[in-house]
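To start, the structure under review is shown below, and the notes come after it.
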Amino acid sequence: MIPVKIRDLVHDFVTRDEEGNLADKKRALDHIELDVEEGQFIAVLGANGSGKSTLAKHINALLLPTKGQVLTCDMDTADDNYLWEIRKSAGMVFQNPDNQIVATVVEEDVAFGPENLGIPTEEIIERVNDSLKAVGMSQYNASSPNHLSGGQKQRVAIAGILAMEPKCILMDEPTAMLDPVGRREVLETVRRLNREKGITVILITHYMEEVIDADRIFVMSEGHVAMQGTPREIFARVDELKELRLEVPQVTELAHELIKRGVPMPASILTPEEFAEEYCKAATGRTRSSAAEENRAETAYNGDTDENCAGEPVLSLQDVRFVYGENTAFETVALESVNLDIFQGEYIGLIGHTGSGKSTLIQLLNGLEKATAGTVRFLGEDIWAEGYNQRQLRSNVGLVFQYPDHQLFEATVIEDVSYGPGNQGLSKEEIRERAEWALTLVGVDKKQWTMSPLELSGGQKRRVAIAGVLAMKPKVLILDEPTAGLDPAGRDEILGEVDRIRRETGMTVVLVSHRMEDVARFADRLVVISDGHILYADTPREVFRHRDELTAVGLEVPQVTQVMQMLNRDGIPCRTDAITIAEALEALQ
């Protein structure tokens with residue numbers, strides 16, 4: 001049996017006017033030829049709009065070819081007689097878990113698929129327990145999905161597919177909302193199923209480090225398969241990948257830059273451990289273990305830390321406590337004894353494991369939730385004091401949600417982005433000017449301005465949601481996982497533009513992210529939340545010194561920081577607080 005066999009696949013998205021005439025046609029897949037062998041772990045990479053998700057939906061028969069043929073487990077997806085068997089054989093985990101969670105209790109949702117397959121009750125119970133354990137959600141088996149964080153919901157969605165034990169699992173950005181340790185645990189689970197049960201896995205992702213163990217990588221661009229090969233073959237082509245709006249793991253790029261500067265290292269290094277071994281050979285002529293035994297000197301660089309903020313905070317939380325479902329059977333303490341000051345013009349990185357309380361905290365900042373106890377102040381005023389203008393608060397403290405679908409509702413993109421400014425008492429000309437400025441800023445193509453936001457891809461929707469908040473020109477911009485689903489170039493563009501606006505206007509930015517590389521590069525200060533408490537609030541350089549403590553709460557440090565700490569432990573004196581590729585390169589070359 002061949003899990004996936006694709007021949008000359010073409011897919012056109014067609015839109016028609018009210019009279020049924022052809023209004024527009026966009027080619028999403030252009031003559032794709034692709035084979036996946038049984039038991040392979042396949043990764044699919046590509047920029048937003050390259051056709052990755054469209055391809056996956058063809059394998060699952062959610063879409064049918066405009067031309068060509070797709071065979072899933074030897075069944076033609078265009079044959080209606082095979083539809084049930086195809087969906088049974090190829091389970092799909094979507095980017096947004098809300099699209100596939102159907103029950104009101106976690107364990108019932110995970111059981112939904114096996115029940116529909118006619119699995120005996122005893123086996124269903126066993127599968128549900130095993131699947132929830134595999135994704136680290138056993139303790140939430142009796143919880144309502146509505147009370148879970150975005151990342152926790154995604155784990156439940158993955159468990160629901162695992163419980164059906166399909167022959168092939170399609171995963172479309174499944175870990176975008178998970179913390180680093182959660183991502184690793186989920187992928188280890190899927191890889192184990194791949195190895196032990198022979199389940200074929202097709203993973204679509206923008207996290208390059210997730211694909212280094214894949215059997216084969218397909219890189220898509222504008223509906224074509226632009227590159228294919230093993231991870232080592234693909235990541236050796238660093239410059240070509242960047243031209244396709246992609247990236248490589250940090251250690252791969254660091255090695256690539258060192259090679260260009262004459263350091264004798266192999267191309268396409270994939271892991272921090274491999275980098276440390278090869279650099280140690282190049283620098284000392286010895287292996288890591290022998291170099292470490294000869295010289296255990298620990299020489300850490302103590303860089304200057306940022307100056308402490310001064311003046312009155314723009315936002316302040318004092319002794320804040322928040323409880324979901326207080327005095328009910330579902331009572332959950334989300335935040336406890338939180339004290340935090342955020343100052344004008346700061347760039348705050350808010351990090352923590354899935355379910356740590358990050359999203360709850362930011363919803364307190366603009367009054368979407370009210371603290372159970374304690375005080376939240378904006379510019380010195382209690383936002384829940386009698387007579388306080390909540391509407392004005394939300395114009396000044398703008399929040400971009402984790403899932404863009406939650407804040408897109410108008411008929412067209414331009415109308416959606418105009419909604420916020422339209423509530424600020426501006427003229428029609430000013431509203432239009434603000435909307436066009438924001439859409440241009442985040443890189444939304446002008447052709448899409450008259451489209452429905454619901455017609456856009458996940459990454460495009462996220463850009464529109466960000467534009468809708470930026471158009472109000474808030475004093476504080478809060479971004480909850482704003483780059484999930486964006487390709488690397490798009491992520492860098494948006495975060496770079498947000499930082500530029502902050503520096504030019506003095507706007508305060510609060511970025512919630514699971515990408516340690518992003519907060520290391522942009523944030524002035526990191527706030528680490530663990531189980532509803534603030535664990536650290538300091539510069540990225542200081543916070544990332546605590547690697548073991550961060551790992552214990554579901555976080556990691558950037559790959560380059562890991563490498564520098566490894567080398568230092570192995571007897572090569574170097575600064576252990578490097579947090580960017582540029583800093584590591586300067587220290588090592």
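Here the structure is a predicted model, which is why all the values come from computation and not from measurement.
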Would the distance check show the side chain of Gln100 and the main-chain N or O of Phe94 forming a donor-acceptor pair, the cut-off being under 3.5 Å? yes

Enclosure of Glu433 CD (heavy-atom neighbours >12, cutoff 6.0 Å): no

Run Glu429 and Arg432 through side-chain contact (heavy atoms from CB on, under 4.5 Å) and show every step you take. CA-CA 5 Å; Glu429 292 77 15; Arg432 182 77 183 192; 5.9 Å; no

Any donor-acceptor pair under 3.5 Å from Lys52 side chain to Gly46 backbone: yes

Give, for atom CD1 of Ile217 and atom CE of Met227, the distance between the pair rounded to the nearest 0.5 Å. 8.5 Å

Determine whether Ile6 and Leu55 satisfy the following criterion, side-chain contact (heavy atoms from CB on, under 4.5 Å), listing intermediate values before the conclusion. CA-CA 10 Å; Ile6 297 174; Leu55 178 66; 3.6 Å; yes

State which residue, out of Val512, Val400, Leu511, fulfils the side-chain contact (heavy atoms from CB on, under 4.5 Å) condition with Asp480. Val512

Go through Glu455 and Lys26 one step at a time and tell me if the salt bridge (Lys or Arg N to Asp or Glu O under 4.0 Å) criterion holds. CA-CA 12 Å; Glu455 294 180 61; Lys26 179 185 177 183; over 6 Å; no

Distance-only, no hydrogens or angles: does the Thr328 side chain make a donor-acceptor pair with backbone N or O of Gly325 under 3.5 Å? yes

Measuring from atom CZ of Arg183 to atom OG1 of Thr354, what distance do you get when rounded to the nearest 0.5 angstrom? 9.5 Å

Are the side chains of Asn48 and Leu486 in contact, using a 4.5 Å heavy-atom criterion? yes

Would you say that Leu555 contacts Ser530 through its side chain, given a criterion of any heavy-atom pair below 4.5 Å between the two side chains? no

Residue pair Pro488 / Met208: nearest heavy atoms and the distance that separates them: CG-CE, 4.5 Å

Stepwise side-chain contact (heavy atoms from CB on, under 4.5 Å) test for Val417 and Glu410: CA-CA 9 Å; Val417 178; Glu410 290 285 6; over 6 Å; no

Is the shortest heavy-atom distance from the side chain of Tyr347 to the side chain of Leu495 under 4.5 Å? yes

Over 12 foreign heavy atoms within 6.0 Å of NZ, Lys475: no

Donor-acceptor pair, side chain of Glu331 and main chain of Asn327, under 3.5 angstrom: yes

From OG1 (Thr450) to NZ (Lys447), nearest 0.5 Å: 11.0 Å

Might you work through the side chain to side chain donor-acceptor pair (under 3.5 Å) test for Glu430 and Ser427, ending with a clear yes or no? CA-CA 5 Å; Glu430 289 175 311; Ser427 67; 3.3 Å; yes

Kindly write out the residues that satisfy ring-ring contact (aromatic ring centres under 6.0 Å, His included) with Tyr324, not counting sequence neighbours, or none if the list is empty. Phe322

Do side-chain atoms of Glu107 reach the backbone of Leu132 as a donor and acceptor pair under 3.5 angstrom? no

So, His11 side chain and Leu64 main chain: donor-acceptor pair closer than 3.5 Å or not? yes

Any heavy-atom pair between the side chains of Val333 and Arg321 that's under 4.5 Å? yes

Ala520 to Pro558 - nearest heavy-atom pair and separation: CB-CG, 4.0 Å

Going by distance alone, is a donor N or O of one side chain under 3.5 Å from an acceptor N or O of the other, for Asp382 and Thr375? no

Quick one, Thr104 and Asn146 - any side-chain contact, counting heavy atoms below 4.5 Å? no

Would you tabulate the side-chain donor-acceptor contacts of residues 364-374 under 3.5 Å, counting partners in other chains and residues two or more places apart, or write 'none'?
residue : atom : partner : partner atom : Å
Asn366  : ND2  : Val397  : O            : 3.4
Thr372  : OG1  : Val323  : N            : 2.8

Does a donor on one side chain sit under 3.5 Å from an acceptor on the other, for Tyr140 and Gln152? yes

Within the distance-only criterion (no hydrogens, no angle test), does the side chain of Asp487 pair as donor or acceptor with the backbone N or O of Ala489 below 3.5 angstrom? yes

With distance as the sole test, does Thr483 use its side chain to make a donor-acceptor pair with the main-chain N or O of Arg491 at under 3.5 Å? no

Using every non-hydrogen atom in the two residues, find where Met171 and Pro174 come nearest and quote the distance to one decimal. CB-CG, 3.5 Å

Closest heavy-atom contact between Gln424 and Ala471? OE1-O, 4.4 Å

Do Val444 and Gln460 pass the side-chain contact (heavy atoms from CB on, under 4.5 Å) test, and can you show the C-alpha distance, the side-chain angles, and the key distance before you say yes or no? CA-CA 7 Å; Val444 177; Gln460 291 164 336; over 6 Å; no

Should the heavy atoms of other residues, nucleotides or ligands under 6.0 Å from CZ of Phe112 be counted, would the total exceed 12? no

Can you name the nearest heavy-atom pair linking Met137 to Leu148, along with the distance? CE-CD1, 3.9 Å

Compare all side-chain heavy atoms of Met92 with those of Ile161 and state whether any distance is below 4.5 angstrom. no

So, the side chain of Asp12 versus the backbone of Val14: is there a donor-acceptor pair under 3.5 Å, distance only? no

Hey, does the side chain of Asp30 reach the backbone of His224 with a donor-acceptor pair shorter than 3.5 angstrom? no

Spatial distance of atom CG (Leu477) from atom CG (Leu470) [nearest 0.5 Å]: 5.5 Å

Step-by-step salt bridge (Lys or Arg N to Asp or Glu O under 4.0 Å) determination, Asp524 to Arg502: CA-CA 12 Å; Asp524 302 316; Arg502 176 189 71 91; 3.4 Å; yes

Is the shortest heavy-atom distance from the side chain of Val469 to the side chain of Leu399 under 4.5 Å? no

For salt bridge (Lys or Arg N to Asp or Glu O under 4.0 Å), just list the numbers for Arg462 and Glu173, CA-CA rounded to whole Å, side-chain angles, deciding distance to a tenth of an Å, and then say yes or no. CA-CA 14 Å; Arg462 196 168 295 279; Glu173 294 281 354; over 6 Å; no

Nearest atoms (heavy-atom pairs only) where Glu346 meets Asp341: OE1-O, 4.3 Å

Applying salt bridge (Lys or Arg N to Asp or Glu O under 4.0 Å), run through Arg245 and Glu493 and close with a yes or a no. CA-CA 11 Å; Arg245 296 176 61 87; Glu493 287 167 4; 3.1 Å; yes

d(Ile42 CD1, Ile59 CD1) to nearest 0.5 Å is 9.5 Å

Is the distance between the ring centroids of Phe409 and Tyr419 less than 6.0 Å? yes

For a 4.5 angstrom cut-off between non-hydrogen side-chain atoms, does Lys461 reach Asp416? no

What's the separation between atom CD in Glu108 and atom CD in Glu115, rounded to the nearest 0.5 Å? 8.0 Å

